[in-house]
Amino acid sequence: MIRTIATKPFPDQKPGTSGLRKKVPVFQQPGYLETYIQAIFDSLEDFAGKTLVLGGDGRFFNREAIQIVVKIAAANGFGRIVIGKGGILSTPAASALIRHLGAFGGIILSASHNPGGPEGDFGVKYNIGAGGPAPEKITDAIFARTEEIDAYEISDAADVDIDRLGAVKVEQTTVEIVDPVTQYLGLMKTLFDFDAIQALFASGFRIRFDGMHAVTGPYAHAIFEGELGAGAGSVVNGAPLPDFGGHHPDPNPIYAKDLYDLMMSAGAPDFGAASDGDGDRNMIVGRNIYVTPSDSLAILAANARLAPGYAKGLAGVARSMPTSAAADRVAAHLGIRAYETPTGWKFFGNLLDAGLATFCGEESFGTGSNHIREKDGIWAVLYWLNILAHRRMSVIDLVREHWATYGRNYYTRHDYDEIDLNAAEGLMDNLRALTVTLAGKTFGADKVEAADDFAYHDPVDGSHSDHQGIRVMFEGGSRIVYRLSGTGTVGATLRVYIERYVPPSGNLDQDTQAALGDLIALSRELAAIEARTGRRAPSVIT
Ligand code: VG1
Ligand code: CO
């Protein structure tokens with residue numbers, strides 16, 4: 001039976017950079033998740049009888065939340081709900097499945113790289129039929145609906161057994177449980193040269209993939225060890241755990257330190273990679289070299305023709321504004337368009353749909369293409385393997401060759417986590433006011449060319465997004481960028497992105513923090529970070 005349950009607006013259901021993220025106990029409040037899910041459906045039209053894809057990254061509360069979403073979706077009239085077995089779907093696999101099935105949309109239960117567990121984070125993201133995160137028009141409508149909602153519809157049917165493949169009925173809705181890997185694996189086979197990668201492994205090439213006890217473990221075991229013949233044990237931390245083993249499932253040199261240290265040690269394998277909670281991020285590390293995500297995007301673009309799925313070449317490359325301009329240089333060389341969007345994958349959707357961009361990337365360990373509408377961790381790893389299988393050179397030699405051709409964008413991000421919200425907003429307001437006075441000023445060797453608060457005009461639908469981060473741009477291509485995170489759940493996180501371009505004739509072999517030392521000092525001084533936040537140093541450097 002379908003019941004109508006009275007509810008009230010919760011004041012804190014505004015989606016951020018990537019859906020709604022809150023502490024688990026917040027989501028466990030009676031009616032909290034139900035109300036948000038109903039607000040999503042209330043903001044959509046004409047889905048009666050259509051298909052909804054549903055899955056999550058396996059974090060604490062995933063299984064309970066799946067049951068709640070099933071019962072509300074059935075009560076609201078979806079015709080079919082397709083769920084990954086065990087409630088598991090990586091974000092990229094969910095995007096692939098939405099597109100493959102021609103589904104109306106999908107709900108992904110994840111707080112991505114945020115920690116999990118009873119006191120950790122949980123999250124809900126709505127993706128549209130194209131497979132990507134809902135654009136701002138929809139997330140704004142969802143938020144508006146959360147402010148006035150007064151009831152939700154829910155079936156009182158028994159829980160669905162999400163661990164058994166097959167189909168059952170909930171009210172009038174067919175609920176199908178599918179293997180989370182099968183369709184995704186099939187898609188990867190259409191893009192990459194699996195034979196060449198198999199031959200690479202057969203020749204003794206060694207990989208270490210760290211699943212970080214998050215969602216990519218099952219995908220990595222099946223694809224790298226199963227299909228491609230990487231030796232058993234190549235995938236570590238491959239079992240998804242509700243609390244990610246107590247770790248932060250964020251693939252960067254700090255949180256994937258074991259992998260990083262291994263790759264810098266004498267016994268390092270040829271290639272190292274890790275992915276995040278929901279499988280859309282990737283970190284690439286070679287023996288004795290960490291590849292920045294910005295460089296990774298540029299290197300993939302420069303070598304695109306080596307992968308069967310991209311052999312025809314690229315339409316364009318898009319990067320988020322704070323991502324280094326390394327990909328722009330490749331685009332210029334290839335004679336294709338380069339796009340600069342605000343942070344968050346939702347801004348790439350229109351460019352991909354319109355065929356303007358083929359590759360997209362973010363400095364936050366996100367890379368992807370038009371094969372789906374999310375960033376894709378396993379895809380990026382397969383892409384690198386495909387390139388290495390053809391080039392038969394080490395990661396470090398490939399990266400050095402790239403710098404020698406295009407120059408090097410030295411790049412770092414400094415995060416100041418959990419700072420006071422008012423202090424953070426004051427700091428940004430102050431910077432915004434400062435932008436108008438900076439052009440033409442010289443700091444040390446660097447002269448400011450322009451400074452602004454980044455605004456984006458979507459070239460496809462004409463939508464406009466203001467206040468996407470403060471940019472201080474210097475002559476010669478160096479930059480300092482400031483923005484506040486939209487995915488955190490405690491206080492505010494200030495992100496400072498620092499970049500300096502060195503041409504091929506310059507010194508390409510410096511330590512990154514040293515090469516950027518003067519700009520790092522300037523980034524702190526300009527924003528008065530210590531005076532305003534009490535922080536002398538960042539909490540995380542990537
Ligand atoms: C962060 C990253 C952004 C990314 C977003 C979602 O957002 O900076 O590039 O798209 O996370 O990624 P913010 O607003 O905290 O800077 V994921 O893997 O958390 O879905
Ligand atoms: Co993620």
Side-chain angles (χ1 to χ4, degrees), residues 14-21 55-59 89-95 108-116 120-127 132-134 136 139 211-212 214-216 219 240 244 248-252 255-256 274-283 292-294 297 318-324 340-349 360-368 372-380 413-419 424 428 454 465 467-469 481-497 539-540 542:
K14 188 175 172 53
T17 310
S18 182
L20 182 69
R21 291 187 193 175
D57 62 11
R59 67 178 61 226
L89 276 177
S90 75
T91 288
S95 181
I108 302 172
L109 303 171
S110 171
S112 192
H113 58 288
N114 298 18
D121 290 349
F122 191 76
V124 177
K125 193 164 71 149
Y126 177 70
N127 280 32
E136 277 189 326
T139 54
M212 304 191 87
V215 79
T216 47
Y219 297 84
F244 308 118
H248 211 119
D250 198 355
N252 63 38
Y255 297 124
S275 193
D276 72 330
D278 62 331
D280 55 359
R281 296 185 177 206
N282 73 90
M283 176 174 76
T292 69
S294 299
L297 173 67
R319 63 167 172 85
S320 69
M321 181 273 281
T323 303
S324 99
E340 184 175 39
T341 60
T343 295
W345 211 262
K346 60 182 171 233
F347 293 101
F348 294 133
C360 305
E362 295 191 280
E363 53 64 43
S364 56
F365 301 83
T367 349
I372 54 171
R373 294 294 181 273
E374 291 278 5
K375 52 191 188 274
D376 190 342
I378 298 271
W379 172 90
R413 185 177 96 191
H414 287 201
D415 287 344
Y416 298 79
D417 286 327
E418 298 187 18
I419 58 178
M428 291 301 288
F454 181 60
S465 305
H467 303 307
Q468 298 297 323
V481 170
Y482 303 86
R483 56 180 286 282
L484 298 182
S485 159
T487 58
T489 56
V490 184
T493 294
L494 170 67
R495 303 201 196 282
V496 187
Y497 312 78
S539 20
V540 177
T542 56

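When a ligand or atom number is given, it counts from 1 through the structure's own listing order. Note: hydrogens, waters and symmetry copies are ignored here, and every other heavy atom, side chains too, is used. As the structure is a prediction and not an experimental result, all values here were calculated from the model.
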Checklist entry - Measuring to the Co ion (ligand 2), does Ser18 have an N/O/S atom at a distance below 2.8 Å? => result no
Pairwise side-chain contact, [X] with [Y], heavy-atom cut-off 4.5 Å (strictly under):
X	Y	value
Arg483	Pro322	yes
Asp280	Asp376	no
Glu340	Phe454	yes
Ser320	Phe347	no

Checklist entry - So, does Ser275 use its side chain to make a donor-acceptor pair with the main chain of Thr216 at under 3.5 Å? => result no
Item to check | Audit row: Arg319, Glu362, side-chain contact (heavy atoms from CB on, under 4.5 Å) steps and yes/no | outcome: CA-CA 6 Å; Arg319 63 167 172 85; Glu362 295 191 280; over 6 Å; no
Closest approach to the Co ion (ligand 2) by [X], given as the N, O or S atom name:
X	answer
Asp280	OD1
Asp278	OD1
Asp276	OD2

Next on the checklist: Test side-chain contact (heavy atoms from CB on, under 4.5 Å) on Tyr482 and Arg495; report intermediate values, then the result.
Outcome noted: CA-CA 6 Å; Tyr482 303 86; Arg495 303 201 196 282; over 6 Å; no
Checklist entry - Can Lys125 be said to touch ligand 1, with heavy atoms closer than 4.0 Å? => result no
Item to check | Close approach of Gly344 to ligand 1, heavy atoms, under 4.0 angstrom | outcome: yes
Checklist entry - Can you check side-chain contact (heavy atoms from CB on, under 4.5 Å) on Phe348 and Thr341, steps first, answer last? => result CA-CA 7 Å; Phe348 294 133; Thr341 60; 3.1 Å; yes
Item to check | Verdict with supporting geometry, Phe365 and Asn252, side-chain contact (heavy atoms from CB on, under 4.5 Å) | outcome: CA-CA 8 Å; Phe365 301 83; Asn252 63 38; 3.5 Å; yes
Identity and distance of the protein heavy atom lying nearest [atom]:
atom	answer
atom 18 (O) of ligand 1	Ser112 OG, 2.5 Å
atom 11 (O) of ligand 1	Arg281 NH2, 3.0 Å
atom 7 (O) of ligand 1	Thr487 CG2, 3.4 Å
atom 2 (C) of ligand 1	Ser364 OG, 3.5 Å

May I ask you to list the atoms of ligand 1 that are less than 4.0 angstrom from any heavy atom of [X]?
X	value
Gly486	13 (P), 14 (O), 15 (O)
Thr343	3 (C), 8 (O), 9 (O)
Thr17	5 (C), 7 (O), 13 (P), 14 (O)

Residue portion contacting ligand 1 (non-hydrogen atoms closer than 4.0 Å) for [X]:
X	value
Arg21	side chain
Asp276	side chain
Ser485	both

Item to check | Closest candidate by heavy atom, reference atom 6 (C) of ligand 1, pool Arg495, Glu362, Lys375 | outcome: Lys375
Item to check | Met321, His113, Glu363, Glu374: member with heavy atom nearest to atom 19 (O) of ligand 1 | outcome: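 Looking at heavy atoms only, the winner is His113.
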Checklist entry - Is there a donor in the side chain of Asp278 and an acceptor in the side chain of Ser90, or the other way round, less than 3.5 Å apart? => result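 No - no donor-acceptor pair under 3.5 Å links their side chains.
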Checklist entry - If you take all heavy atoms of Glu136 and Ser465, which pair is closest and at what distance? => result OE1-OG, 3.0 Å
